4 protein chains.
Amino acid sequence: MSPKRVDKPARRQEILEAAVRVFARRGFAASRIEDVAAEAEIAKGSVYLYFDSREEILHAAFEALAAGSREIVGRARTTQAPPLERLAGLIRDVITSVTVSPELARLLLDLYGSGAREEGLPLHMAEIYREYRTAIAALLAEAVAEGSARQGVGVAEATVIVGAIEGCLLQWIIDPALPINELAGPIAALCVSGVR
Amino acid sequence: MSPKRVDKPARRQEILEAAVRVFARRGFAASRIEDVAAEAEIAKGSVYLYFDSREEILHAAFEALAAGSREIVGRARTTQAPPLERLAGLIRDVITSVTVSPELARLLLDLYGSGAREEGLPLHMAEIYREYRTAIAALLAEAVAEGSARQGVGVAEATVIVGAIEGCLLQWIIDPALPINELAGPIAALCVSGVR
Amino acid sequence: MSPKRVDKPARRQEILEAAVRVFARRGFAASRIEDVAAEAEIAKGSVYLYFDSREEILHAAFEALAAGSREIVGRARTTQAPPLERLAGLIRDVITSVTVSPELARLLLDLYGSGAREEGLPLHMAEIYREYRTAIAALLAEAVAEGSARQGVGVAEATVIVGAIEGCLLQWIIDPALPINELAGPIAALCVSGVR
Amino acid sequence: MSPKRVDKPARRQEILEAAVRVFARRGFAASRIEDVAAEAEIAKGSVYLYFDSREEILHAAFEALAAGSREIVGRARTTQAPPLERLAGLIRDVITSVTVSPELARLLLDLYGSGAREEGLPLHMAEIYREYRTAIAALLAEAVAEGSARQGVGVAEATVIVGAIEGCLLQWIIDPALPINELAGPIAALCVSGVR
DNA sequence: CATGAATGAGGCTTCATTCAT
DNA sequence: TATGAATGAAGCCTCATTCAT
């Protein structure tokens, strides 16, 4: 039943994490399977026991990221609180998530590209951002309904808010000296007062 | 005596533009020198008469982008108008510039990565964003001084505003269906009212 | 668990020998890595599992040659016999060594060049010849001391003797019809009687 | 008749000399037509007005060298003097010739190779050395006949003498610190007393 | 004659993937 | 399962040669 007590999913996860570290360091384009294998402390060929191809590792990493995003969005949807507070909470959650696993965040740099190109593998940062916009637009609609946001606030403002969040992350990713932790408050404050 | 004459800078520019189109389509990593040559309708080897290496083409493209940014920032600094109007102008300028040359904007996806990695060739998106932050922080300081922005508004808010701008571009780049032209207004409105 | 095992040094040696044959045939400049791979009956890329670059193969071949030279010189130094007999022995040894592996000797044609050029990788035929001169000069000094060579014989004569040996090899290398085996005697005879 | 007063042969000679300097510096394999053109201070394409191909330049350089050799050999044949004095003269002439144009001598390193390979372009260092051997063998035969050289001295000794000469040149070419000028005497002395 | 831009074949090297052990 | 040697396709870049001016 278990001739070798290797836990396949666990091993796959280890390799994925190693890969994410490598990709974060050198970028996907410059990362070779051998680097990943070395980081995971296994042999090059063994990577292929857990992933079908180099691309698939990037897909898997994307999935991890997407899962995190979906969780954050879900929480904003289901939490009991006034809409603008839930918006502020979402912003805090995003910032916290990248603080917790900065390597995964760094991967964004590679995922942007792979999602935006024509060959369009099933990597869709676009999808993630669409979900963010939808969720935030819903919160804004609620806020308008209850009078905590001004009339006319809608999808465009949601886009700007998603932009503010992701644009701050972006600045931090390409310039890690930027104090990302101190930014959740200002983002929330500016966005909230910006829609009133 | 009447040697074949060519306007080298002009030809270099042509190749650069062809390269930018190719990079925008496939991404830098997937773009072969041969693709660039084909797009420019010259032979592969001829590319090397104008650029020392594949990397150098990316550098040159970055320079074009950086020049555009510097111009926009310069205009925001020197224009005669109330600070928050100049901020709105800067936002419009950025949106306009990417609308004018969308291919160049698409390059951002590649430039993010090349600037953020350790080997870091002299490509520094980080630098560009730093300039944006500085310029906007200066505008905000002026606004605070004249009372059109609330006390306490500073670098953090400048970062959020840069984020809002760049984050909106990012969403559009990876999802060109998004109506970027209609976003300059909302970005400006939200940011301006957000700092009051 | 039972990974594919290979005797790396042995394989490297095989490739090196194949390379030496190819270089001897076409010269280093005209020898493609693909030729070497074909001669070794492996794939082009496999060569790089054992050598870092095309140049490195030449270096390795040089090392083999240098090792042979050092051995010959060492033997002339340590053998128990009258100095001029040891000189004759050295001459025979050199001739024998090229007879044994003519391909390696043919490589001299390429090694001369790579040692003499300014960029000079660590290939130093000059060094080898310097060692020969030093060793022979020592033998001559002994011979002078014991009276079997005339007064005044010194480094200049050592240079001439090295020249006679290498010059004969050279003639044979570029004209293999020349009966190199029959030359050890005459070289020794002429040199020995020339220093008396 | 002379629409442009360019002296074709003279220009060809200039280019050839420039090429010889370049080849001496970097070796033929590493010398590009462009280097030669730059050294000759003309445009790359112009080289082809005087030479059909890169190879042909090397051929021409070889011819210059061969002409020098033939002259030296001719002088040894026709001079009026005892045979061993004419041998000593030949040795001096050779040494002098390389001292006069060291760059041409450095070319030997490339000519050895191009003559010895199978494709055998019409570059034949082998031929030159054969002529030397023949000439010297003739001198030795004369010397034997007049009793100034011992019985039995013949082609083998001629080969050794050619070897001594060329071997000394070789040592100097790959190690220019070696005092080649002081070697004509010792070579002659050793060879002459070696055949007595 | 002279130029130098353009060409494109060809070589070196890398690296994802395979597969024998 | 795990290994790592082997493969070979593919890409970057060089440079001899051509040719329009």
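What you see is a predicted model, and the numbers here were worked out from it, not measured in a lab. Chain letters run A, B, ... following the sequence lines, proteins first and then strands; every chain starts at 1.
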Listed once per pair and sorted, the ring pair (Phe, Tyr, Trp, His ring centres under 6.0 Å) pairs that draw on residues 17-42 of chain B, sequence neighbours left out: B:Phe23-B:Phe28

Set of salt bridge (Lys or Arg N to Asp or Glu O under 4.0 Å) partners for A:Glu17, sequence neighbours left out: none

D:Ile15 CD1 to E:dA2 C1', in whole Å, measures 11 Å

Measuring from the side chain of C:Lys44 (C-beta onward, heavy atoms only), which nucleotide among F:dA9, E:dA5, E:dC1 has the closest atom? F:dA9

Find the runs of at least 3 consecutive base pairs, i with j, i+1 with j-1 and so on, that include DNA chain F, using Watson-Crick or G-U wobble geometry with both distances under 3.5 Å. E:2-21 with F:2-21

Could you check which residues of residues 33-42 of chain B get a heavy atom under 4.0 Å from DNA chain F? Sort them by number, please. B:Ile33

Test of understanding: with salt bridge (Lys or Arg N to Asp or Glu O under 4.0 Å), list the residues that count as partners of D:Arg12, not counting sequence neighbours. D:Glu56

To the nearest Å, how far apart are D:Glu56 CD and F:dA16 P? 15 Å

Walk me through whether D:Val20 and D:Arg106 qualify under side-chain contact (heavy atoms from CB on, under 4.5 Å). CA-CA 9 Å; D:Val20 166; D:Arg106 289 270 231 144; over 6 Å; no

Nearest whole Å is fine: how far is E:dC1 C1' from D:Arg12 CZ? 17 Å

Roughly how many Å apart are F:dT21 and E:dC1, using the C1' atom of each and rounding to a whole number? 13 Å

Could you tell me if the side chain of A:Leu109 sits less than 4.5 Å from the side chain of B:Leu109, heavy atoms only? no

List the residues meeting salt bridge (Lys or Arg N to Asp or Glu O under 4.0 Å) with A:Glu103, not counting sequence neighbours, and say none if there are none. none

Name the nucleic acid region contacted by A:Phe51, choosing base, sugar-phosphate or nothing; use a 4.0 angstrom heavy-atom cut-off, strictly under. nothing

Could you give the CD1-to-C1' distance, from B:Ile57 to F:dG11, as a whole number of Å? 13 Å

Identify which nucleotide among F:dA6, E:dT14, F:dC13 has an atom closest to any side-chain atom of C:Arg11, counting heavy atoms from C-beta outward. F:dA6

Look at the side-chain N and O atoms of B:Tyr48 and state whether any lies under 4.0 Å from the OP1 or OP2 oxygen of F:dC15. no

Please report, to 0.1 Å, the donor-acceptor pairs under 3.5 Å made by any side chain of residues 34-51 of chain C, with sequence neighbours excluded.
| unit_1 | atom_1 | unit_2 | atom_2 | d |
| --- | --- | --- | --- | --- |
| C:Asp35 | OD2 | C:Arg32 | N | 2.9 |
| C:Glu39 | OE1 | C:Arg25 | NH2 | 2.8 |
| C:Glu39 | OE2 | C:Arg21 | NE | 2.7 |
| C:Glu39 | OE2 | C:Arg21 | NH2 | 3.4 |

Can you name the residues that form a side chain to side chain donor-acceptor pair (under 3.5 Å) with A:Glu127, not counting sequence neighbours? A:Arg130

Does D:Arg32 or A:Ser46 map to a spot on DNA chain F nearer the 5' end, using the closest nucleotide for each? A:Ser46

By nearest atom, which of the nucleotides F:dC13, E:dT7, E:dT3 is closest to the B:Ser53 side chain? F:dC13

For the pair made of CG in C:Leu49 and C1' in F:dG8, what is the distance, rounded to whole Å? 12 Å

Starting at atom CZ of D:Arg54, determine the distance to atom C1' of E:dA9, rounded to an integer number of angstrom. 15 Å

Residue closer to the 5' end of DNA chain F, B:Asp52 versus C:Ala43 (nearest nucleotide): C:Ala43

Residue pair B:Lys8/A:Gly45 against DNA chain E: nearer the 5' end by closest nucleotide is B:Lys8

Among the nucleotides E:dA6, F:dA6, E:dT17, which one has an atom lying closest to any side-chain atom of B:Val6? E:dA6

Gap between atoms CD and P, on B:Glu55 and F:dG11 respectively (whole Å): 16 Å

Verify the contact: side-chain N or O of D:Tyr50 to OP1 or OP2 of E:dA2, cut-off strictly under 4.0 Å; return yes or no. yes

On a heavy-atom basis, the closest approach of A:Val22 and A:Ser31 is CG1-OG, 3.4 Å

Would C:Leu111 and C:Ile128 count as a side-chain contact (heavy atoms from CB on, under 4.5 Å) here? Give the steps. CA-CA 11 Å; C:Leu111 294 171; C:Ile128 291 186; over 6 Å; no

